[in-house]
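Each residue takes its place number in the sequence, starting with 1. Note that ligands are numbered from 1 as they come in the structure, with each ligand's atoms numbered from 1 the same way. FYI, side chains are in, hydrogens and waters are out, and symmetry mates aren't considered; it's all heavy atoms of this structure. Just so we're clear, the structure is a prediction, and the values are computed from it rather than from any experiment.
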Amino acid sequence: MDSIISSSYAVHFNEYGFVALNKHLAEANYSKIFILVDENTHNDCLAPFMAEINGNHLYEIIEIESGEINKNIATCTQIWEILSELDADRKSVMINVGGGVITDLGGFVASTFKRGIDFINVPTSLLAMVDASVGGKTGVDLGSLKNQIGVINQPIMVLVASDFLQTLNDRQLQSGFAEMLKHGLINDAAYWEELKVLNSFQDLDALIYHSVVIKNDVVLKDPTEQNIRKILNYGHTLGHAVESYFLESEAHELLLHGEAIAIGMILEAYLSYKLTNLPKSDLEDIKTTFLSKYPKVAFTNKDIEEILKLLKFDKKNSHGNIFFVLLKNIGETVIDVKVNEELLKESFAYYKD
Ligand SMILES: NC(=O)c1ccc[n+]([C@@H]2O[C@H](COP(=O)([O-])OP(=O)(O)OC[C@H]3O[C@@H](n4cnc5c(N)ncnc54)[C@H](O)[C@@H]3O)[C@@H](O)[C@H]2O)c1
Ligand SMILES: [Zn+2]
């Protein structure tokens, strides 16, 4: 487990990552290094990160407020202005040290500043390690609508160091774990079996590596999401709508990304049972597994109506139709399945049951 080669870059693990990063920084001759953090990764991750960096580089630390609520264009504007004030030029680099919000937003800011400067992802949450930091999707939310603004642009490298997880709380670990369960559901039934009985987040290295392999293989086959890459969106069509609804609705507590897509994966398993012959036993296995790990949300009929309205913003839509990635079996998917509204409501009834 040292590195995984992607299109134009590599994902390096643990000590190999710091070796690769130091080598790159020594060779690249950047004019300045900008390190993007939020207040939590500033406190918990920045010092251990800096302790691994050799050489005399010029640094600036840019801190933003944590949370999905700040993954927006206003935050980007603040950062672009800081970059400009601090004389960032096209030979500057941005190192994103944080969770998926930092890697998505930092990647977007770097990709658009002066038509694009280099960026490096150093994911510090489980979710960012196994999913968000790899694959080149960068961007921000528009209001509460998830990831509506963004570009696909690859980092220079990704450095996955699992030691950062020591300061991440259980709720956040569990949220990231949802994307790993997704990797099993869409690609690898044995991996699903292994993960679903896991009840400790110690020693995740081999599993993190396995998830990055799955994600990277899919992305390499279809970097711009014309076909096969869509499978990574399993659970996300309804999951994003649920996440957006909770983001905008003050009556509800915030749901984490992984918690929302865990719900989405149950709902979309029901659609799969109805439309793509997912066996009933698999459907029940999926529901039981997610409900044993994630809080069950009590949706009212009004909530469901509002969530379904948000579906029209899904990026997989075209010509007014909403398309889903569904499961044929655990480990096997079908893309571009059209679903009618009645069945969507039924899926919520199944979730609530
Ligand atoms: N680009 C992609 O392909 C992709 C894939 C999946 C998810 N995402 C995006 O990722 C985001 C979710 O990522 P996330 O769950 O990492 O969110 P996040 O960045 O908000 O991190 C979660 C929380 O953990 C804190 N944190 C991060 N690392 C820490 C550490 N080591 N110790 C202590 N606290 C730490 C953060 O400050 C934050 O409060 C969503 O916006 C989602 O849309 C993107
Ligand atoms: Zn996700």
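A centroid separation of 6.0 Å or more is found between the aromatic rings of Trp192 and Tyr234. Taking the six-membered ring for Trp and the full ring otherwise, His12 and His24 have centroids separated by 6.0 Å or more.
Proximity of a side-chain donor or acceptor of Asp141 to a complementary backbone N or O of Gly143 within less than 3.5 Å is not detected. Although no hydrogens or angles enter the test, the distance criterion places no donor-acceptor pair under 3.5 Å between the side chain of Lys146 and the main chain of Glu243. Of the possible donor and acceptor atoms, one in the side chain of Ser92 sits under 3.5 Å from a partner among the backbone N and O of Asp89. For Asn233 (side chain) and Val325 (main-chain N/O), no donor-acceptor pair under 3.5 Å exists by modelled atom type. Between the side chain of Glu85 and the backbone N or O of Ile82 there is no donor-acceptor pair closer than 3.5 Å.
Residue Val101 touches ligand 1 through backbone and side chain together, judged by heavy-atom distances below 4.0 Å. Contact annotation: for Asp44 versus ligand 1, heavy atoms closer than 4.0 Å belong to the side chain alone. Of all the heavy atoms of Lys137, the ones lying under 4.0 Å from any atom of ligand 1 are found in both the backbone and the side chain. With a 4.0 Å cut-off on non-hydrogen atoms, Asn147 touches ligand 1 through its side chain and not its backbone.
Distance from atom 6 (C) of ligand 1 to its nearest protein heavy atom, with residue and atom name: Glu179 OE2, 3.4 Å. Nearest non-hydrogen protein atom to atom 21 (O) of ligand 1 is Gly99 CA, 4.0 Å. Among all non-hydrogen protein atoms, the one lying nearest atom 32 (N) of ligand 1 is Thr167 OG1, 2.7 Å. Protein heavy atom in closest approach to atom 16 (O) of ligand 1: Ser125 OG, 2.5 Å. Protein heavy atom closest to atom 22 (C) of ligand 1, with residue, atom name and distance, is Gln172 OE1, 3.3 Å. Counting only heavy atoms of the protein, atom 39 (O) of ligand 1 lies nearest to Asn40 ND2, 3.1 Å. What sits closest to atom 35 (C) of ligand 1 on the protein, heavy atoms only, is Leu168 CD1, 3.3 Å. Distance from atom 14 (P) of ligand 1 to its nearest protein heavy atom, with residue and atom name: Gly100 N, 3.4 Å.
For the pair Thr124 and ligand 1, the shortest N or O to N or O distance falls below 3.5 Å. Below 3.5 Å of separation, one finds an N or O of Phe164 facing an N or O of ligand 1. The shortest N/O to N/O separation between Thr41 and ligand 1 does not fall below 3.5 Å. Taking distance alone, with nitrogen or oxygen atoms compared against 3.5 Å, Gly67 stays at or beyond that limit from ligand 1. Residue Lys71 places at least one N or O, backbone or side chain, under 3.5 Å from an N or O of ligand 1. Residue Lys146 places at least one N or O, backbone or side chain, under 3.5 Å from an N or O of ligand 1. In terms of N/O distances under 3.5 Å, ligand 1 is approached by Asp104.
If you check the side chains of His240 and Tyr245, you find no donor sitting under 3.5 Å from an acceptor. Looking at Thr103 and Asn121, their side chains never bring a donor and an acceptor atom within 3.5 Å of each other.
Which of Leu127, Asp131, Asn233 comes nearest to atom 7 (C) of ligand 1 through a heavy atom is settled by distance: it is Leu127. For atom 41 (O) of ligand 1, the candidate residues are Glu243, Glu68, Lys215; the nearest heavy-atom contact is made by Glu68. The option from Gly176, Ser162, Ala132 that lies nearest to atom 4 (C) of ligand 1, judged by heavy atoms, is Ala132.
Both tests do not hold together for Lys293 against Phe177: distance to the six-membered ring centre under 6.0 Å, angle to the ring axis within 45°.
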Q | Verdict with reasoning, Tyr351 to Phe299, per ring-ring contact (aromatic ring centres under 6.0 Å, His included) | A | CA-CA 9 Å; Tyr351 174 84; Phe299 294 105; 5.7 Å; yes
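Counted within 6.0 Å of NZ on Lys352, heavy atoms from surrounding residues, nucleotides or ligands total more than 12; the atom is thus considered enclosed. Atom CD of Glu193 has more than 12 heavy atoms from other residues, nucleotides or ligands within 6.0 Å. Annotation: Asp203, atom CG; neighbour count of heavy atoms from other residues, nucleotides and ligands within 6.0 Å does not exceed 12.
Ring orientation note: the planes of His57 and Tyr59 are nearly perpendicular, at an angle over 60° on the 30°/60° scale.
The distance from atom CD1 of Ile35 to atom OG1 of Thr41, rounded to the nearest 0.5 Å, is 10.5 Å.
At least one heavy atom of Cys45 sits less than 4.0 Å from an atom of ligand 1. Within the 4.0 Å heavy-atom cutoff, His236 does not count among the residues contacting ligand 1.
Less than 4.0 angstrom separates some heavy atom of Asp38 from each of these atoms of ligand 1: 36 (C), 37 (O). Atoms of ligand 1 found under 4.0 Å from any heavy atom of Ser66, numbered from 1 in the order shown, are 37 (O), 39 (O).
Glu179 contributes OE2 and His236 contributes NE2; the angle these two atoms make at the Zn ion (ligand 2) is 130°, rounded to 10°.
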